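Source: prediction; values computed, not measured.
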Amino acid sequence: MKPFRYTRARDTASAVASVSEDPGARFLAGGTNLVDHLKLGVAEPDHLVDVRGALDAGVSELADGRVRVGAGVANSDLAAHPLVRARYPVLSAALSSGASGQLRNAATTGGNLLQRTRCPYFQNTTTPCNKREPGSGCGALHGHGRDNAVLGISEHCVATHPSDMAVALAALGAQVQVLTERGERGVPVSGLYRLPGDRPQYDTVLEQGDLITAVDLPALPWVRRSAYRKVRERASYAFALVSVAAALQVEEGRVAGVRLALGGVAPMPWRAHHAEEALVGRQATEEVFREAARAEFEQARPGSDNAFKVPLAVNTVGAVLRSLVEEEGA
Amino acid sequence: MEATITLDVDGVRRELTVDTRTTLLDALRDRLGEYSPKKGCDHGQCGACTVLVGGRRILSCLVLAVACDGDEVTTAAGLAGGEGGPHRLARAFVEHDAFQCGYCTPGQVCSGVGVLAELEAGVPSHATAHPEGPVEASDAEIRERMSGNLCRCGAYPAIVAAVREVAR
């Protein structure tokens, strides 16, 4: 592991100033992904600025009804928070389905958003990877492809984004608050991430020194009826093959409102806008839900090992939305 | 690069100078001679290194020692050798034969103590039927909550039984 300087930030503004002026500096929060990258040689910073103690670790209701989640809130604390459990069950469920109890206690809201892909070619420094080493090629494209993305990919990168939490946040339309050298700005979660294109080394639109300070959850009473379903190769402690975050509002048997986002299928938490548009005003039946999901995957480009993800996602969307209709009727 | 830090390990204040690259696990084992936290995978996948920091279970292999400066760390040895004798969960592990080789056991016990606190506080898990619903110490809940601790000997049924006994 390359030697590095470690400093504990007094506050977020000084952390942003230190990391902005030093291209070799990185923020450290829970460290559950970054410390592993230091060991693997995937990340080689020469200065770590620890922001864990400087970040807001609280959850509070804003005057307009939105809920603000500090970037330093641990994943376990967010999943357990009464406001989140009552108003945003999809978020609590997504958080609980990720990682293990120990990791959720350490991992933060901001760090969870910025965790990097678990593509084995990215994590193994002896294999080519355009995300880790631009221009070296993509090992996954013609390699072991079972975990690869099917939506939003390019010939340069087919990696998936691993977060469960971010899928729920994308469905909710949450807003990320970012502190930069030029002041604060808000970025919708869906707009935080970049598709790989020909520059897969950039996961997000953030620049060196930009720090996520909070995530704002919208005031949307009807997302109380929401759910997260994660399909994986074992029942716990595994990343998603496919996951679905959904909220549904039904009026007189028809879809009045729907939020749908997918995990495990794309380089970012994938807000299923095509499917949502196809659903509004339609009969709330499983066949209609599946048809809308198929519309979302018309643009899919599966490889030889991961074509199963398309029907798996269609079936999961159908099942999750049906369960929400049944909950509504209950 | 080095830094001098203070850790409270099982109730004893310890000061040490570490390379900034040192994980909490390596500081405990190689610098302080605390061998109950075990090194399994060293990548956050097996749970053998689980300790309690500020009473919460975490993986000591994925946290830098410098980031724990001033923290209170409890290891399985601390849980076993307290003033009132071994922790109830450590005793339950013995009574239920919840191990074979014993390598994962210190991590299992620390994780289990964290689980007991989480159940007590009503923290939901992936096995909880509804995020708002009640949390019970069912076998499904215990299995889900302990899923970050692997046991190659396969003592899982007895581990679940040990945690269940203390939770009720």
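Between chain B and the residues Ser100(A), Pro82(A), Ala86(A), the largest count of heavy-atom pairs under 4.5 Å involves Ala86(A). Each of Gly31(A), Ser97(A), Gly53(A) has some count of heavy-atom pairs under 4.5 Å with chain B, and the biggest count is that of Ser97(A). Here Arg21(B) is the residue among His126(B), Arg21(B), Met1(B) with the most heavy-atom pairs under 4.5 Å with chain A. Here Arg57(B) is the residue among Arg57(B), Met146(B), Arg145(B) with the most heavy-atom pairs under 4.5 Å with chain A. Among Val63(B), Val115(B), Leu64(B), the residue making the largest number of heavy-atom pairs under 4.5 Å with chain A is Leu64(B). Heavy-atom pairs under 4.5 Å with chain B were tallied for Arg8(A), Arg52(A), Arg5(A); the largest tally goes to Arg8(A).
With a threshold of 4.5 angstrom between heavy atoms, Glu118(B) approaches chain A through side-chain atoms but not through N, CA, C or O. The parts of Asn105(A) that come within reach of chain B are both its backbone and its side chain, each placing non-hydrogen atoms under 4.5 angstrom from that chain. Of the two parts of Cys110(B), neither the backbone nor the side chain holds a non-hydrogen atom closer than 4.5 Å to a non-hydrogen atom of chain A. Contacts of Ala94(A) with chain B are absent, with no heavy-atom separation under 4.5 Å from either backbone or side chain. With a threshold of 4.5 angstrom between heavy atoms, Leu95(A) does not approach chain B through any atom at all. In this structure, chain B has no heavy atom under 4.5 Å from any part of Lys230(A). With a 4.5 angstrom heavy-atom cutoff, Ser125(B) touches chain A only via backbone atoms. Residue Leu48(A) touches chain B through its side chain alone, counting heavy-atom pairs closer than 4.5 Å. Residue contact with chain A, scored on non-hydrogen atoms closer than 4.5 Å, is absent for Ala3(B). In this structure, chain A has no heavy atom under 4.5 Å from any part of Asp19(B).
The shortest heavy-atom contact between Arg14(B) and Leu32(B) is NH2-O, 3.0 Å. Minimum heavy-atom separation, Leu24(B) to Cys68(B): CD2-SG, 4.0 Å. Gly30(A) and Thr108(A) get closest at one heavy-atom pair: N-CG2, 4.0 Å.
Within a 6.0 Å radius of CZ in Arg118(A), more than 12 heavy atoms belonging to other residues, nucleotides or ligands are found. Around CZ of Arg168(B), the count of heavy atoms belonging to other residues, nucleotides or ligands within 6.0 Å exceeds 12. Annotation for Glu120(B): atom CD does not count as buried by contact number, only 12 or fewer foreign heavy atoms lying within 6.0 Å.
Salt-bridge check for Glu61(A) with Arg87(A): passed, with a basic side-chain N closer than 4.0 Å to an acidic carboxylate O. A salt bridge links Asp77(A) with Arg56(B): the distance from a Lys NZ or Arg NE/NH1/NH2 to an Asp or Glu carboxylate oxygen falls below 4.0 Å.
For the atom pair CD (Gln102(A)) and OG (Ser147(B)), the distance works out to 8.0 Å, reported to the nearest 0.5 Å.
Between Phe93(B) and His87(B), the ring center distance fails the sub-6.0 Å criterion.
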